[in-house]
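I have placed the structure first, in the form of structure tokens, so that the comments after it can refer back to it.
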Amino acid sequence: MTLALKVAFGALGVTSPNPAVGAVIVKDDVIIATGSTQAFGHDHAEVVALKNAKGTLSGASMYVTLEPCCHWGKTPPCTDAIIRAGITKVIIPALDPNPAVAGKGVRALQQAGIEVIFLREFSQAAVDLIRPFKKSILRHKPFVIHKVAASMDGRTATSTGDSKWISSTVSRLLVHRLRACADTIIVGKATVEADNPLLNVRYSDFAQDAINFYESRYYTISGYSNSFLQGLLELWKTDITHELRKIVIGLPKSLQNINLAGDSNAYFFVSQKEKDALVTRDDTDIISRLIDSGRIKFLQSNKGAEQIYELLDILHTMGAMIVVLEGGATVAGSFFDANEIDQCMYFYSPLVVGKGKSVIEGKGRQFIKESMALCDVTGVFLGQDILISGYKERYQFEAI
């Protein structure tokens with residue numbers, strides 16, 4: 001099951017809007033095949049593992065990180081493939097939160113005479129990898145991870161806007177590993193104006209000493225045991241197999257020499273108020289090309305929280321499931337006010353800035369008792385930096 005979880009983690013960011021699932025087939029105490037969920041519309045993990053297996057599978061067992069599906073979608077039911085293959089035992093740690101499955105896959109296997117074992121000791125590790133899928137399938141919105149690099153006094157930049165670099169190379173490398181597990185990154189126009197980012201995954205930017213830090217496991221973990229963080233730290237995902245979707249909320253003052261303007265996977269979401277002002281800009285030729293290619297999308301609302309709801313609805317229709325919210329404070333404040341931040345990953349460095357840019361701006365909460373209380377909190381000492389990760393909601397799972 002540990003191997004199945006690692007295989008599932010390697011598919012994160014690729015499978016949206018399907019969950020990233022891993023499967024391992026064992027026969028006579030020997031692992032004979034593995035498989036992970038492929039891109040949407042292609043084979044699920046169970047079918048990939050069955051196709052990778054050689055010889056007869058009669059009497060074999062399958063370890064799979066999520067209950068096999070039993071309904072037709074873009075692909076046939078995995079339960080049918082498992083039954084036809086002659087698998088006699090299926091071991092799972094979690095039921096599928098999709099109402100179309102949710103225990104029905106287990107019953108289909110049992111009715112075919114296949115023994116189903118619920119491996120409860122791996123339940124939490126399994127559900128940590130499918131939290132985004134649960135929100136996507138039940139609420140029809142992507143799962144939002146708010147990533148922040150801040151000083152000890154909660155500043156993301158000085159009062160002049162200088163922010164390079166608050167966090168260490170070790171922390172920044174982990175952020176690129178996080179990006180590799182997402183399908184979408186969101187920033188505000190102010191971040192683009194200040195940093196002109198690429199918002200891609202660039203492992204080659206980091207020297208060997210940062211890589212050695214993780215290979216030698218110099219980090220220390222405390223608190224909630226989180227398999228998602230474990231996968232990031234131990235580099236369970238070794239290659240980048242998908243293009244990240246980049247989202248900019250608002251239009252920078254000028255799109256001239258802006259990296260994302262030339263990125264076909266980058267989209268600019270513009271309010272009605274901004275739309276009315278487009279004709280007065282000096283870069284209307286670039287704007288026209290972006291509109292024609294569908295890379296400028298117009299929101300109906302001008303208000304913060306309402307814009308976020310609309311944005312997330314659109315992203316869901318685009319297939320987004322795992323979103324990393326990287327900046328800045330105003331955009332983060334809108335997500336916070338809309339109650340649409342699902343996980344916080346804050347990297348704190350031993351610096352005290354004083355007056356500067358805050359982590360979140362917006363309406364906020366009037367009373368401490370109204371604050372978003374994080375649960376399943378993990379702390380990781382990354383050399384001098386400290387990563388604090390927590391979730392808005394505790395994942396509730398059921399056993400068969």
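Only heavy atoms go into these numbers, but all of them, side chains included; no hydrogens, no water, no symmetry mates. These numbers come from a predicted model, not from an experiment.
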Please check this pair: side chain of [X] against backbone of [Y], looking for a donor-acceptor N/O pair closer than 3.5 Å.
X: T169; Y: A210; answer: no
X: S293; Y: R289; answer: yes
X: E340; Y: I308; answer: no
X: N196; Y: N257; answer: yes
X: T317; Y: I314; answer: yes
X: E67; Y: V106; answer: yes
X: N98; Y: V101; answer: no
X: Q272; Y: L299; answer: yes
X: S371; Y: A373; answer: no
X: D43; Y: V48; answer: no

Looking at every non-hydrogen atom in both residues, tell me the closest pair between [X] and [Y] and how far apart they are.
X: V47; Y: A81; answer: CG2-CB, 4.1 Å
X: S163; Y: A157; answer: CB-CB, 3.8 Å
X: I137; Y: P99; answer: CG1-CD, 4.5 Å
X: C69; Y: P76; answer: SG-O, 4.4 Å
X: A126; Y: A94; answer: CB-CB, 4.3 Å
X: I360; Y: G333; answer: CG2-CA, 3.5 Å

Find out whether [X] and [Y] are in side-chain contact, i.e. whether some heavy atom of one side chain is under 4.5 Å from a heavy atom of the other.
X: K147; Y: L325; value: no
X: L311; Y: I186; value: yes
X: L50; Y: I25; value: yes
X: I287; Y: D283; value: yes
X: I291; Y: F298; value: yes
X: P68; Y: D96; value: no
X: Y203; Y: H176; value: yes
X: R172; Y: F347; value: no

Rounded to the nearest 0.5 Å, what separation is found between the [atom1] atom of [X] and the [atom2] atom of [Y]?
X: T184; Y: M321; atom1: OG1; atom2: CE; result: 10.0 Å
X: E393; Y: C375; atom1: CD; atom2: SG; result: 8.0 Å
X: S171; Y: M345; atom1: OG; atom2: CE; result: 10.0 Å
X: T15; Y: F40; atom1: OG1; atom2: CZ; result: 10.5 Å
X: L229; Y: E234; atom1: CG; atom2: CD; result: 11.0 Å
X: L199; Y: D263; atom1: CG; atom2: CG; result: 8.5 Å

Indicate if [X] and [Y] have the same hydrophobic cluster label, given that clusters are the connected sets of ILVMFWY residues with side-chain heavy-atom separations under 4.5 angstrom.
X: F118; Y: V127; value: yes
X: L244; Y: V192; value: yes
X: V170; Y: Y218; value: yes

Over 60° means perpendicular and under 30° means parallel, so tell me whether [X] and [Y] are parallel, tilted or perpendicular.
X: H140; Y: H316; result: perpendicular
X: Y219; Y: F213; result: tilted
X: F9; Y: F228; result: tilted

Which residue in the set L12, L174, L387 passes side-chain contact (heavy atoms from CB on, under 4.5 Å) when paired with L232?
L174
Would you say [Y] and [X] are linked by a side-chain donor-acceptor pair, where the criterion is simply a distance under 3.5 Å?
X: S389; Y: Q343; result: yes
X: T160; Y: T158; result: yes
X: S167; Y: D385; result: no
X: Y395; Y: Q124; result: no

Do [Y] and [X] meet the salt-bridge criterion of a basic N to acidic O distance under 4.0 Å?
X: D337; Y: K363; value: no
X: E46; Y: K51; value: no
X: D128; Y: R131; value: yes

Under the salt bridge (charged side-chain N to carboxylate O under 4.0 Å, His left out) rule, what pairs show up with a residue in residues 180-200, not counting sequence neighbours?
K164-D195, D183-R245, K189-E274
Keeping to residues at least two apart or across chains, list the salt bridge (charged side-chain N to carboxylate O under 4.0 Å, His left out) pairs with something in residues 22-31.
none
Y214 six-ring centre to R177 NZ/CZ under 6.0 Å and within 45° of normal
yes
Can you sort out the partners of K237 under salt bridge (Lys or Arg N to Asp or Glu O under 4.0 Å), two or more places apart, ordered by chain and number?
none
